[in-house]
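Written below as structure tokens is the structure these notes are about.
Reckoned from all heavy atoms, side chains included, excluding hydrogens, waters and symmetry mates.
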Amino acid sequence: MAEREVSVSEATGGAISRIRWLALAVCALPCAVALRQPVAPPPVLVPSAPPQVEVAEVAFVAPQSAGALTGLVVYLSAGHGWIWHRFGEGWQRPEVEGLIEDVWTAGFVSEQLAPALERAGAVVLTARERDPHRVSVQAGAREAVITGEPQWSVVAPEGRGPVPLASSLERREAAVVPGGSARWGLSLPASGSVEAYLWWGAGSECGAAVEVELSGPDGVQRQRLDQRVHGEAWWPLGAVRGLEGDAVEVSLRAAPGEALCLGGVRLGGGEIEAWDARARQVRVARAYDLAALHVLPAMGAPWWSGAGGKGLDGDATRRARWAAWAHPEGEEAVYLSIHSDAGGGRGTAVVIRERPRGPADQGVARGSLEVARAVRRGLVGAVRGRRAAWWRDRGVVVDDLAELDPVHNGEMPAVLIEVGFHDRADEAALLRERTFQELAADGVVAGLARWRGGALPPGPPVLRVEEGALWWEAALPGTPWGPVDTWQLRWQQGGRWTPPLAVGQPPVQLPRGVEAVEVQGLGQGGLGRPAQLQLSGGH
């Protein structure tokens, strides 16, 4: 449930819905109790490593990354989170019907929505840490193997470049390398899927076309960066799947005649030092659990001391300030904030700050309204069409929410999605369901794709194995999925996933020792949602 800003005139009278006030009143007491009675953050489960199996020799290809959202940057907020506050500590929302909003939004964004947006070609920057691993490895510019003559500078932690996640007091070094290259060799800090990040110093001397490669046991991912923007913030490179200790390499190369800017690399979410305002001491916690208020300074954003804001020391307002700070002029971008609601209602609502004032109004409000309508149609249509025909559409709602404050975040369309009500038993059960979450995420992507006039990514195929051969059937096109042009196959052996293999139509004969398979379609809308099948005892 989102935090609301209230003006003096509103507080005295008529513009506020009395139903909305009742909903907030219902939540007020349990929310306060949640701060005084902390709930332990959930543990991270890491799978054990299966025995080593020899991998068959095959010709692999890198996946295509273009899609309906290519060129779009999505500033994505997973709502609230664990907070140390002057009134206590804990999750910002209480547990209701077996669901804590702060935990649910983090999992939905990390596991479903952010990957779905990226498969469609978008770049996703998150206000909360999306990697759940408590451990991380980092390497600075001094630890890179550099070709060229670096020019060194010191970056202070007070909002000038990412600080080490386990220490918010150190200073970092950055370098500019004219026409050079750099390479880091790292090891995965944990088994499973681990996010990789890169940061560099800000400056007009940085190159506009820097080639980046992320190499791991599951293949190579490539992208081109314009380092003139997004300096001093952790930039997502993609996820690496492997076993703890597997080798990972990050390499950068500047275009001829341009300069390479270096800062550092990170694998995994790690831990963050945060200030406990009540105990007046530094506390350490898993970055994934913490509210944006605690996370953003370690991610490179300025501290904005004295920024103020209502609610819990302006946690919601600072998300808007972060998006404004990170978003360079001229970049095509949207801001999405994910919440679940409470207070006796039902269904999905998409919230904007204000409506256009007339047909000639071309401001951010007009863009927000168009995005809100598209996302609402996509999400509700996906859920109704493929999971729950009774799901309620509450439409586009105008509300004075701090997270959508145009004073701080007025340069891009911004919407807040109340996916469903966690205080209704039937909706809370669906919110926890993986199928519902997948459809909701795919629906948001479909809405954004239609808003941009692009095709929809394919849906997950249905897999089966017969006599050692893998068969699959494509998901039927239609909301929220599009048609398939080609297929990609991965399999797991010895606990490690292979790079993607381009395949034709089924069947495909699998090599011996395969423990699991993954198939996903590729269409004009991007990479589709993958489908996995576990093979008991190996193939």
Side-chain angles (χ1 to χ4, degrees), residues 62-70 72 74 76 107-124 130 192-193 195 218-219 221 236 238-239 241 336 338 375 378-388 417 419 430-450 452 454-464 470-492 497-503 506 516-534:
Q64 178 180 332
S65 59
L69 304 185
T70 299
L72 180 69
V74 179
L76 185 57
F108 176 64
V109 163
S110 173
E111 299 169 15
Q112 305 299 342
L113 183 54
L117 292 164
E118 290 168 339
R119 287 193 297 269
V123 171
V124 178
R130 61 183 283 187
S193 180
E195 296 292 330
D218 59 340
Q221 302 177 58
R241 289 193 293 187
L336 301 180
I338 307 301
V375 167
L379 192 160
V380 173
V383 172
R384 282 180 173 176
R386 299 187 183 267
R387 182 60 186 90
I417 306 171
V419 179
L430 280 182
L431 288 172
R432 292 192 299 269
E433 182 187 276
R434 181 181 180 89
T435 298
F436 176 92
Q437 293 182 24
E438 291 176 346
L439 287 170
D442 290 348
V444 172
V445 172
L448 290 175
R450 290 196 175 104
R452 297 186 89 217
L456 304 185
V462 179
L463 311 183
R464 71 180 190 278
L470 175 64
W471 296 78
W472 61 89
E473 297 176 4
L476 293 177
T479 300
W481 303 318
V484 177
D485 294 331
T486 59
W487 295 98
Q488 292 186 168
L489 166 67
R490 298 175 187 260
W491 60 78
Q492 187 183 50
W497 286 94
T498 64
L501 170 66
V503 295
V517 291
E518 180 180 275
V519 179
Q520 62 189 141
L522 175 63
Q524 294 184 4
L527 280 169
R529 179 174 294 280
Q532 287 189 9
L533 181 64
Q534 299 293 321

| Arg241 side chain to Ser193 backbone, donor-acceptor under 3.5 Å | no
| request: Give the minimum heavy-atom separation between Gly443 and Ala382, together with the two atoms involved. | output: CA-CB, 4.0 Å
| query | Just wondering, do Gln492 and Gln532 contact through their side chains at under 4.5 Å, heavy atoms? | reply | no
| request: Identify the two heavy atoms, one from Val74 and one from Ala122, that lie closest to each other, and give their separation to 0.1 Å. | output: CG2-CB, 4.1 Å
| task | Could you check if a side-chain atom of Val383 sits within less than 4.5 angstrom of a side-chain atom of Leu430, using non-hydrogen atoms only? | result | no
| Short question: side chain of Arg119, backbone of Gly67 - any donor-acceptor pair under 3.5 Å? | no
| field | Any donor-acceptor pair under 3.5 Å from Gln524 side chain to Asp485 backbone | value | no
| message | With heavy-atom distances below 4.5 Å as the criterion, would you say the side chains of Ile338 and Val444 are in contact? | response | no
| request: Ignoring hydrogens and angles, tell me if any N or O in the side chain of Arg450 forms a donor-acceptor pair with the backbone of Leu456 under 3.5 Å. | output: no
| field | Ser110 side chain reached by Glu195 side chain, heavy atoms, under 4.5 Å | value | no
| request: Of all the heavy-atom pairs spanning Gly482 and Pro477, show the shortest one and how long it is. | output: C-CB, 4.2 Å
| Closest contact, heavy atoms only, Pro480 versus Arg386 | CD-NE, 3.4 Å
| said: Applying ring pair (Phe, Tyr, Trp, His ring centres under 6.0 Å), can you list everything that pairs with Trp497, at least two apart in sequence or on another chain? | reply: none
| remark: CD of Glu518 to OG1 of Thr498, rounded to nearest 0.5 Å, is 9.0 Å
| Does Trp472 reach the side chain of Val503, with side-chain heavy atoms less than 4.5 Å apart? | yes
| Closest heavy-atom pair and its distance - Leu527, Gln488 | CD2-NE2, 3.5 Å
| request: Mind listing the closest non-hydrogen atom pair of Pro483 and Pro458 along with its distance? | output: O-CG, 3.5 Å
Just list the side-chain donor-acceptor pairs under 3.5 Å for residues 431-442, sequence neighbours left out, or say none.
residue : atom : partner : partner atom : Å
Arg432  : NH1  : Glu97   : O            : 2.5
Glu433  : OE1  : Arg387  : NE           : 3.4
Glu433  : OE1  : Arg387  : NH2          : 2.9
Glu433  : OE2  : Arg387  : NE           : 2.7
Glu433  : OE2  : Phe436  : N            : 3.4
Arg434  : NE   : Glu438  : OE2          : 3.0
Gln437  : NE2  : Leu431  : O            : 2.9
Asp442  : OD1  : Arg529  : NE           : 3.3
Asp442  : OD1  : Arg529  : NH2          : 2.9
Asp442  : OD2  : Trp481  : NE1          : 2.9
Asp442  : OD2  : Arg529  : NE           : 3.1

| note | One should read off an interatomic distance between Leu522 CG and Thr486 OG1, to the nearest 0.5 angstrom, of 4.0 Å
